[in-house]
Amino acid sequence: MKADASQMKALYEANGYLTAIHVLGEKEMEQASKEYGKLEQKFGKEYTQYNLHNIHMEHEWVMNLASHPNLLQAITAVLGPNVILLDSRFICKYPSSDVPHKENIAPYVAWHQDIKYWGFEGGPVASVWLAFDDVDAENGVLQIIPGSHKQGVLEHKIAETPGNMLTANQEIPKNLVNAEDAVECPLKAGQMSVHDGLTVHASEPNMSNRRRCGFVIRYVPTAAYPVEDPERPRTFPATVLMAGMDEFQNFENNAPNFFTKTF
C-alpha cells in the first residue's frame with residue numbers, strides 16, 4: 001500500500017484498518033528474523049508463540065522495529081503526531097509439526113475488539129501486525145470486518161471453542177458478528193497491517209506447514225489515560241513516547257537507555 005498521510009487517515013477512518021504497508025527492507029527483515037530465531041532457540045517455540053511480551057524494553061533490535069520510520073509514518077497519520085507505544089508482543093502460530101497442538105486443539109484467535117480489555121480512555125488504540133512471515137489464508141491470516149469500528153464497544157463473553165489464544169479467552173457472540181462481511185489481510189514478510197481498537201477481527205488456526213509469526217505493537221495518542229478496569233486490572237510498565245511530545249504525562253515514559261526518539 002502506498003498512500004500519503006491524508007489518504008491513509010481517510011481510509012483508516014472509513015474502514016477501521018490499513019494493510020500491506022511496507023516497513024522493512026529485505027536486509028532489515030533478514031536481520032530481524034535472525035534475531036528472532038535466537039529467541040526461539042533460547043526459549044523454545046512453545047514459549048515464544050505468545051510469551052515474548054514487551055521485550056522492546058530489553059532488546060534494541062525490537063525497539064528499532066517499533067520505532068521504524070516507515071511504521072511511525074503510518075501510525076502518526078492515523079493517530080496524530082504525538083504517540084505512545086503502549087504494549088508489544090510477538091504472536092506466532094507454529095505448524096503442528098513444530099509445536100504439537102495440545103489435545104489436538106489448534107490455536108486460533110476469536111472475533112474480538114482490542115480495546116475491550118485495555119484499561120484506558122481518552123483516545124483510540126492502533127494495533128500493528130508487523131509480519132515476520134508471509135501470511136495468507138492457509139496459515140491463519142488476519143480477518144477484519146470493515147467499518148465495524150463504528151459500532152462502539154460490543155459485548156464480549158468467554159469463548160465457546162477451545163484453543164482461543166486471547167489472554168482473557170474472550171469473544172464477541174456470533175450473533176453480533178457479521179462474519180460474511182469479513183475481509184482477509186494477507187501480508188508479505190516485512191509488511192504491516194494496522195487496525196483500530198474497535199475494529200472486529202479474528203484469525204483462524206494455522207493448518208499449513210509454515211509458521212505465521214508477527215510482532216504486535218499497540219500505540220495510543222498522548223491524550224489517552226489509564227483507568228481502573230475491574231474486569232481486568234492492568235498496569236503499563238513498558239510505555240514509551242515514540243513520536244512528538246507528551247503534554248499530558250498520563251503514562252510514564254519508560255524509554256530504555258538504548259532508545260533515542262527521532263520521530
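Scope of the values below: all heavy atoms of this structure, side chains included, with no hydrogens, waters or symmetry mates.
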Would you compute the distance between atom [atom1] of [X] and atom [atom2] of [Y] and round it to the nearest 0.5 angstrom?
{"X": "Trp129", "Y": "Ile217", "atom1": "CH2", "atom2": "CD1", "value": "11.0 Å"}
{"X": "Tyr17", "Y": "Cys185", "atom1": "OH", "atom2": "SG", "value": "5.0 Å"}
{"X": "Ile84", "Y": "Asn254", "atom1": "CD1", "atom2": "CG", "value": "10.0 Å"}
{"X": "Glu35", "Y": "Lys38", "atom1": "CD", "atom2": "NZ", "value": "4.0 Å"}
{"X": "Trp111", "Y": "Leu154", "atom1": "CH2", "atom2": "CG", "value": "12.0 Å"}
{"X": "Arg218", "Y": "Phe236", "atom1": "CZ", "atom2": "CZ", "value": "11.0 Å"}

Give me the ring orientation class for Phe132 and Phe90: parallel if the planes are under 30° apart, tilted from 30 to 60°, perpendicular past 60°.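 Plane angle over 60°, so perpendicular.
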Do Arg211 and Glu40 sit within salt-bridge range, that is, some charged N less than 4.0 Å from a carboxylate O? yes
Between Asp134 and Asn139, which heavy-atom pair has the shortest distance, and what is it?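 Heavy-atom minimum between the residues: O-ND2, 3.0 Å.
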Using a 6.0 Å distance limit plus a 45 degree cone around the ring axis, check whether Arg212 lies over the aromatic ring of Tyr94. no
Might you confirm whether atom CD of Glu26 has over 12 heavy atoms from other residues, nucleotides or ligands at distances under 6.0 Å?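 Atom CD in Glu26 is not crowded, with 12 or fewer foreign heavy atoms closer than 6.0 Å.
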Is it true that, when you exclude Glu58 itself, more than 12 heavy atoms of the residues, nucleotides or ligands shown sit nearer than 6.0 Å to its CD?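 Yes, CD of Glu58 has more than 12 neighbouring heavy atoms, counting only those of other groups under 6.0 Å.
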Could you point out which residue of His195, His149, Gln113, Gln143 forms a side chain to side chain donor-acceptor pair (under 3.5 Å) with His201?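 The residue from His195, His149, Gln113, Gln143 that satisfies side chain to side chain donor-acceptor pair (under 3.5 Å) with His201 turns out to be His195.
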Working for side chain to side chain contact (heavy atoms under 4.5 Å, CB included), residues Ser88 and Val216: CA-CA 6 Å; Ser88 76; Val216 176; over 6 Å; no
In sequence, state the C-alpha distance, the side-chain angles, and the governing distance for Glu13 and Lys9, and then conclude on salt bridge (charged side-chain N to carboxylate O under 4.0 Å, His left out). CA-CA 6 Å; Glu13 290 181 348; Lys9 184 174 178 62; 2.9 Å; yes
